[in-house]
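Please read the structure below before turning to the comments.
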Amino acid sequence: MQKTTTYAINTFHAHVYFDIQQTVLAAQVREQIIQDIPQLTYRGQLIPMSIGPHPKPMFELHIPADCINYAMASIDTLRQGLSVLIHPLLADDYLAHTAEAKWLGTPLPLKLEVLR
């Protein structure tokens with residue numbers, strides 16, 4: 001992930017999106033990612049609805065910055081067509097979810113007004 005910032009980034013969040021009819025697939029993808037990336041510091045449960053700026057059901061993972069390149073490659077390999085937003089944890093949520101964000105798969109329109 002290319003960083004355009006000049007401050008230290010310690011943690012990244014990955015949001016893996018799914019449609020409600022893909023719940024079983026999402027659960028499988030989640031388990032595969034957890035198995036492949038033991039460094040994850042948070043392994044969120046499936047959230048079966050849109051919350052915050054997230055337009056679809058999703059689950060969230062927290063990735064230490066020192067393994068972000070491996071984690072991104074692993075998630076990209078294991079995501080089975082699901083869209084994934086990866087962003088740094090920053091004080092400015094809007095910046096984190098836009099200019100500093102990276103998508104794996106098809107980008108989705110976030111509800112950015114929630115972050116302003």
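Each residue takes its place number in the sequence, starting with 1. These numbers come from the heavy atoms of this one structure, side chains and all, not from hydrogens, waters or symmetry mates.
- Annotation: side chain of Leu85 is in contact with side chain of Tyr17 (closest heavy-atom distance under 4.5 Å).
- By the side chain to side chain contact (heavy atoms under 4.5 Å, CB included) test, Glu31 pairs with Ile34, sequence neighbours left out.
- When side chains are defined from C-beta on, Gln32 does not count as touching Asp36, because their heavy atoms never get closer than 4.5 Å.
- At a threshold of 4.5 Å between non-hydrogen side-chain atoms, the residues Ile9 and Leu90 count as touching.
- Under the 4.5 Å side-chain criterion, counting only non-hydrogen atoms from C-beta, Lys102 is not in contact with His87.
- Within the model, atoms CG of Leu95 and CG of Leu115 stand 11.0 Å from one another, a figure rounded to the nearest 0.5 Å.
- Aromatic ring centres of His62 and Phe12 lie farther apart than the 6.0 Å criterion allows.
- Considering every non-hydrogen atom in both Leu108 and Pro55, the closest pair reads CB-CG, 3.9 Å.
- Taking CD of Gln39 as the reference point, atom CD1 of Ile68 lies at 11.0 Å (rounded to 0.5 Å).
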After noting the C-alpha distance and the side-chain angles of Gln80 and Leu78, does the key distance pass the side chain to side chain contact (heavy atoms under 4.5 Å, CB included) rule? CA-CA 6 Å; Gln80 295 194 44; Leu78 297 172; over 6 Å; no
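- Atom OG of Ser83 is separated from atom CG of Asp19 by 9.0 Å, given to the nearest 0.5 angstrom.
- A 4.5 Å side-chain heavy-atom check between Ile63 and His13 finds every atom pair outside the cut-off.
- Residues Ala27 and Leu46 come closest through the heavy atom pair N-CD2, 3.9 Å.
- Side-chain N or O atoms of Asp92 include one that pairs as donor or acceptor with a backbone N or O of Tyr94 at under 3.5 Å.
- A 4.5 Å side-chain heavy-atom check between Ile37 and Tyr70 finds at least one atom pair inside the cut-off.
- Within the 3.5 Å criterion, the main-chain N or O of Gly44 finds a donor-acceptor partner in the side chain of Arg30.
- When side chains are defined from C-beta on, Leu104 does not count as touching Val16, because their heavy atoms never get closer than 4.5 Å.
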Run Phe18 and Thr23 through side chain to side chain contact (heavy atoms under 4.5 Å, CB included) and show every step you take. CA-CA 7 Å; Phe18 59 94; Thr23 300; 3.8 Å; yes
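- Considering every non-hydrogen atom in both Ala14 and Val84, the closest pair reads CB-CG1, 4.4 Å.
- Considering NE2 of His15 and CD1 of Ile47, their distance stands at 9.0 Å, rounded to 0.5 Å.
- With no hydrogens or angles considered, a side-chain donor-acceptor pair links Ser50 and Lys111 at under 3.5 Å.
- Pro88 has its side chain out of reach of Thr11: every pair of non-hydrogen atoms, C-beta onward, lies at least 4.5 Å apart.
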